[in-house]
There are 2 protein chains.
Amino acid sequence: MATPTLDLITLRKGCASCSLQQLCLPAGINLRELQELEAIVKRKRPVEVGERLFRQGDRLDAVFVARDGAFKTVLVNEDGDEQVIGFHLPGELVGLDALGTGVHRCEAVALTRANVCEVPFDELSNVAAHVPGLQRQLMRVIGQSVGRDQDHREMLVRRQANERIALFLHGLSERLRTIGEPSETIRLPMSREDIARFLGLALETVSRGFTRLQEDGVISVHGRKVQILDVAELDRLAHGSEPPGDRARVRA
Amino acid sequence: MATPTLDLITLRKGCASCSLQQLCLPAGINLRELQELEAIVKRKRPVEVGERLFRQGDRLDAVFVARDGAFKTVLVNEDGDEQVIGFHLPGELVGLDALGTGVHRCEAVALTRANVCEVPFDELSNVAAHVPGLQRQLMRVIGQSVGRDQDHREMLVRRQANERIALFLHGLSERLRTIGEPSETIRLPMSREDIARFLGLALETVSRGFTRLQEDGVISVHGRKVQILDVAELDRLAHGSEPPGDRARVRA
DNA sequence: CGAGTTTTTGAGCAGATTCAAATCAAGTGG
DNA sequence: CCACTTGATTTGAATCTGCTCAAAAACTCG
């Protein structure tokens with residue numbers, strides 16, 4: 001319901017006019033090079049909720065970027081239960097998990113209806129090989145992806161559920177801001193269960209965490225609609241300053 | 001105490017005769033290319049325990065590979081306590097964390113006395129740019145590094161301390177095997193505290209976990225000397241099949 | 001062999017999990 | 001338009017795991 005006209009434009013006009021241009025692969029290359037990149041980018045019909053871009057064990061043949069919508073990448077273990085290893089917002093590459101082995105270790109599932117660009121990996125490598133700007137940018141987006149992985153781990157090592165949740169919301173908000181979306185009034189694309197499986201918590205613990213943050217006046221929650229009321233406080237909680245004791249008042 | 005003669009050899013003869021050749025950057029390139037790579041590799045004097053290869057905030061100017069010994073990479077937060085984000089065995093690249101921003105997000109600390117190869121990153125990029133085999137291999141080792149990050153996260157999302165510990169030992173053993181070291185009789189290069197900070201647990205919990213595994217006959221522990229007695233069982237625990245109930249016997 | 005460090009062990013407690021039930025949101029079909 | 005179904009989220013109560021603090025035991029290394 002948010003950006004139907006935009007989609008049409010980007011669909012027609014491609015990278016050059018895409019609002020994500022500065023964040024995505026095209027960043028920092030000139031027009032001629034852009035055309036070369038654009039020649040290999042495929043724009044597919046919208047992906048429906050629950051559809052997969054690739055599955056575990058698939059050979060790496062393309063990387064994907066959502067122009068809108070959101071994805072999760074999950075690891076399904078032999079018992080059939082899934083572990084969420086990442087959420088992907090527009091402009092963030094999906095599929096880099098296969099770089100090492102050439103085979104996907106996880107699968108990418110659409111959390112919302114989404115439009116994606118598909119970039120065949122071999123061709124991307126080829127173009128990158130003789131377009132230094134793209135090479136560099138590719139390295140950069142890979143690096144950013146690694147950075148998000150590290151952020152994830154920073155959440156997971158926190159021992160307090162509330163810290164993990166605060167860090168999660170904080171990080172999500174930051175990422176929304178960098179892609180130019182409202183970062184304080186959020187409609188979460190993922191369920192509580194997804195969040196729980198992402199944070200290594202029980203679903204109920206996530207729910208309680210949200211409630212707790214609401215009681216403390218940090219956010220307001222209505223199902224998946226979350227509003228950040230006190231950015232500074234969320235920040236503080238995320239970076240795990242004081243233990244939740246009542247010393248907070250003393251220090252403040 | 002383990003490989004002093006080997007060090008001398010690799011020191012003199014370089015990549016071509018290094019036992020890690022097949023795992024490290026040189027894998028899959030021909031002799032001429034190897035010489036080109038070798039020309040930029042610096043081999044430094046041994047690094048002492050506790051020495052750092054780089055610190056948080058340092059610009060990325062080189063990546064490192066240990067020929068022997070071990071490193072940890074840590075993140076030190078504002079409160080001064082450190083989070084261990086990785087352990088690095090011989091042949092595994094250290095320093096890739098800076099790919100995204102060009103600045104190191106973490107610091108690399110020697111856990112043992114170690115010999116390292118230092119590869120200036122710019123020069124590596126240059127050589128890689130016109131040596132496709134190296135380019136590919138670079139991607140591969142980056143990918144492997146990403147893979148190890150994912151393994152780490154797989155540990156961290158586990159909610160049971162014992163599962164995390166089992167997964168840790170299991171993964172370490174596998175990695176030792178791939179570099180051709182004894183994988184079932186291990187001398188851990190890291191302290192319980194390092195492991196705890198790596199797994200997001202209290203140090204005591206790690207210790208108890210080891211003890212528990214020993215009581216169950218899966219491993220035998222004497223301080224840092226660990227012997228894996230029941231590989232299959234460790235595997236099973238790591239992949240978190242049945243909850244520790246007594247159903248195990250029924251299924252067995 | 002001692003001093004210092006690392007590891008193990010113990011006891012009590014706080015926080016997260018589990019299981020269960022209630023509430024809420026959003027469709028669907030009458 | 002409303003009652004009803006279905007799925008998601010929240011809340012409650014009891015249990016259990018892992019944490020903290022404290023002390024003992026085992027290693028390391030001059």
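Reminder, nothing fancy here: chain letters follow the sequence lines and each chain counts from 1.
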Compute the angle between the rotation axes at the two ends of the helix from dC1(C)-dG30(D) to dG30(C)-dC1(D), each taken over five pairs, rounded to 10 degrees. 40°
Non-neighbouring partners of [X] that pass side-chain hydrogen bond (donor to acceptor under 3.5 Å, both in side chains), sequence neighbours left out:
X	result
Arg55(B)	none
Ser145(B)	none
Gln83(B)	none

Who pairs with [X] by salt bridge (Lys or Arg N to Asp or Glu O under 4.0 Å), at least two apart in sequence or on another chain?
X	value
Glu215(B)	none
Arg153(A)	Asp149(B)
Glu174(A)	Arg177(A)
Arg197(B)	Glu193(B)

Below 3.5 Å between N/O atoms, which protein atoms pair up with nucleotides 25-30 of chain D? Just atom names and distances, please.
none

ring-ring contact (aromatic ring centres under 6.0 Å, His included) partners for Phe210(B), two or more places apart: none
Run the ring-ring contact (aromatic ring centres under 6.0 Å, His included) test against His152(A) and tell me which residues pass, sequence neighbours left out. Phe198(A)
Can you pull out the residues from residues 193-206 of chain B that lie within a 4.0 Å heavy-atom distance of DNA chain D? Gly200(B), Leu201(B), Ala202(B), Glu204(B), Thr205(B)
